[in-house]
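Data block below; observations after.
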Amino acid sequence: MDDTYYEFGTPADRWDRAQLFFEAKEYMTAARILGGLVQEVPEQVAPRLLLARSYYHSARLGKAEAELREVLERSPVEDYARLMLGRTLERQGRHAEAAPHLRMAHAMTGDLGPELPAREQPNQA
């Protein structure tokens, strides 16, 4: 595919195209489109998060980690990015680094997760 295809159209057109490729599980193509879009509008979190997801699903975990850290730098309350960073680190075998991110993601969403012992779970009334 010609590189101009990835750069063709307005940012909104490219965002729509990237989402279509992502939904079709064409993660590497989505990432190529999103890479340029993220460079063009680096302040926007959504394209960067979808880029990180594309990297994660195409097993480019180092790139996914870098994008997720950038998302969290820009938006520390982005709970899904926190969860994804934890999962990305786990997938790389970095469980100790992943644990705090996963705990924080669970706390941010109110889901304390199955890994907490019963004594640490809130009382269910």
Side-chain angles (χ1 to χ4, degrees):
M1 222 181 274
D2 189 323
D3 280 344
T4 58
Y5 175 78
Y6 301 106
E7 301 165 2
F8 178 76
T10 67
D13 292 336
R14 286 179 280 144
W15 170 245
D16 290 341
R17 192 175 320 118
Q19 287 180 304
L20 289 172
F21 278 108
F22 185 87
E23 290 168 9
K25 298 183 181 183
E26 293 288 336
Y27 303 118
M28 293 184 73
T29 303
R32 284 190 70 182
I33 296 167
L34 290 162
L37 189 58
V38 163
Q39 287 179 355
E40 189 174 327
V41 287
E43 70 283 354
Q44 291 188 5
V45 170
R48 193 176 294 277
L49 187 56
L50 190 59
L51 177 58
R53 292 176 65 200
S54 297
Y55 286 149
Y56 178 86
H57 287 298
S58 59
R60 295 187 287 180
L61 302 177
K63 288 185 174 198
E65 178 184 349
E67 292 300 331
L68 290 165
R69 289 188 187 280
E70 186 63 34
V71 167
L72 291 170
E73 181 72 27
R74 294 172 185 280
S75 181
V77 296
E78 181 59 58
D79 58 272
Y80 188 68
R82 185 75 58 189
L83 175 66
M84 277 196 63
L85 179 56
R87 296 287 183 236
T88 300
L89 293 169
E90 277 185 333
R91 200 166 161 194
Q92 294 177 72
R94 296 160 56 191
H95 300 283
E97 287 179 69
H101 294 289
L102 295 173
R103 280 193 304 271
M104 191 177 300
H106 290 309
M108 292 168 87
T109 61
D111 173 20
L112 297 181
E115 61 275 348
L116 289 179
R119 68 180 185 281
E120 293 182 36
Q121 293 282 350
N123 290 334
Q124 300 290 326

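These figures come from a predicted structure and were not determined experimentally. Reckoned from all heavy atoms, side chains included, excluding hydrogens, waters and symmetry mates.
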Show the nearest heavy-atom pair for residues Met28 and Ser58, with the distance to one decimal. CG-CB, 3.9 Å

List for me each residue that meets side chain to side chain contact (heavy atoms under 4.5 Å, CB included) alongside Ala31, sequence neighbours excluded, and say none if there are none. Leu51, Ser54, Tyr55, Arg60

Please answer: with hydrophobic residues joined when any side-chain heavy atoms are less than 4.5 Å apart, are Tyr80 and Leu89 in the same cluster? yes

Counting only heavy atoms not in Glu43 (residues, nucleotides, ligands), do more than 12 fall under 6.0 Å from its CD? yes

What orientation do His57 and Tyr27 show, parallel under 30°, tilted 30 to 60°, or perpendicular over 60°? parallel

Shortest non-hydrogen separation from Leu61 to Thr88 and the atoms involved: O-CG2, 3.5 Å

Taking the basic N atoms (NZ, or NE/NH1/NH2) and the acidic carboxylate oxygens, is any pair closer than 4.0 Å for Glu67 and Lys63? no

dist Met84:CE -> Glu90:CD (nearest 0.5 Å) comes out at 12.5 Å

Should Arg74 and Glu70 be marked as a salt bridge (Lys or Arg N to Asp or Glu O under 4.0 Å) after you check the CA-CA gap, both sets of side-chain angles, and the distance that decides it? CA-CA 6 Å; Arg74 294 172 185 280; Glu70 186 63 34; 2.9 Å; yes

Measure across Leu72 and Ala81 and return the closest heavy-atom pair with its distance rounded to 0.1 Å. CD2-CB, 3.9 Å

Considering non-hydrogen atoms only, spot the tightest contact between Leu37 and Pro47 and give its length. CD2-CB, 4.2 Å

Sequence-distant partners of Asp13, side-chain hydrogen bond (donor to acceptor under 3.5 Å, both in side chains), two or more places apart: Thr10

I'd like to know if Leu50 and Val45 are part of one continuous hydrophobic network [Ile/Leu/Val/Met/Phe/Trp/Tyr, side-chain heavy atoms within less than 4.5 Å]. no

Taking Val71 as the starting point, is it possible to reach Val38 by hopping between hydrophobic residues whose side chains are less than 4.5 Å apart? no

Would you name the heavy atoms of Ile33 and Arg14 that are closest together and state the gap between them? CG2-O, 3.4 Å

Of all the heavy-atom pairs spanning Met108 and Pro76, show the shortest one and how long it is. CE-O, 3.7 Å

Side chains of Arg69 and Glu65: closer than 4.5 Å at any heavy-atom pair? yes

Cation-pi check for Tyr56 against Arg87: NZ or CZ below 6.0 Å from the six-membered ring centre and within 45 degrees of the axis, yes or no? no

Is Leu83 reachable from Leu49 through a run of I, L, V, M, F, W or Y residues, each pair having side-chain heavy atoms under 4.5 Å apart? yes

Show me, pair by pair, the donor-acceptor contacts under 3.5 angstrom made by side chains of residues 95-102, not counting sequence neighbours?
unit_1: Glu97; atom_1: OE1; unit_2: Arg94; atom_2: NH2; d: 2.9
unit_1: Glu97; atom_1: OE2; unit_2: Arg94; atom_2: NE; d: 2.9
unit_1: His101; atom_1: ND1; unit_2: Arg82; atom_2: NH1; d: 3.1

Between Arg53 and Phe22, is there a donor-acceptor pair closer than 3.5 Å when you use the side chain of the first and the backbone of the second? no

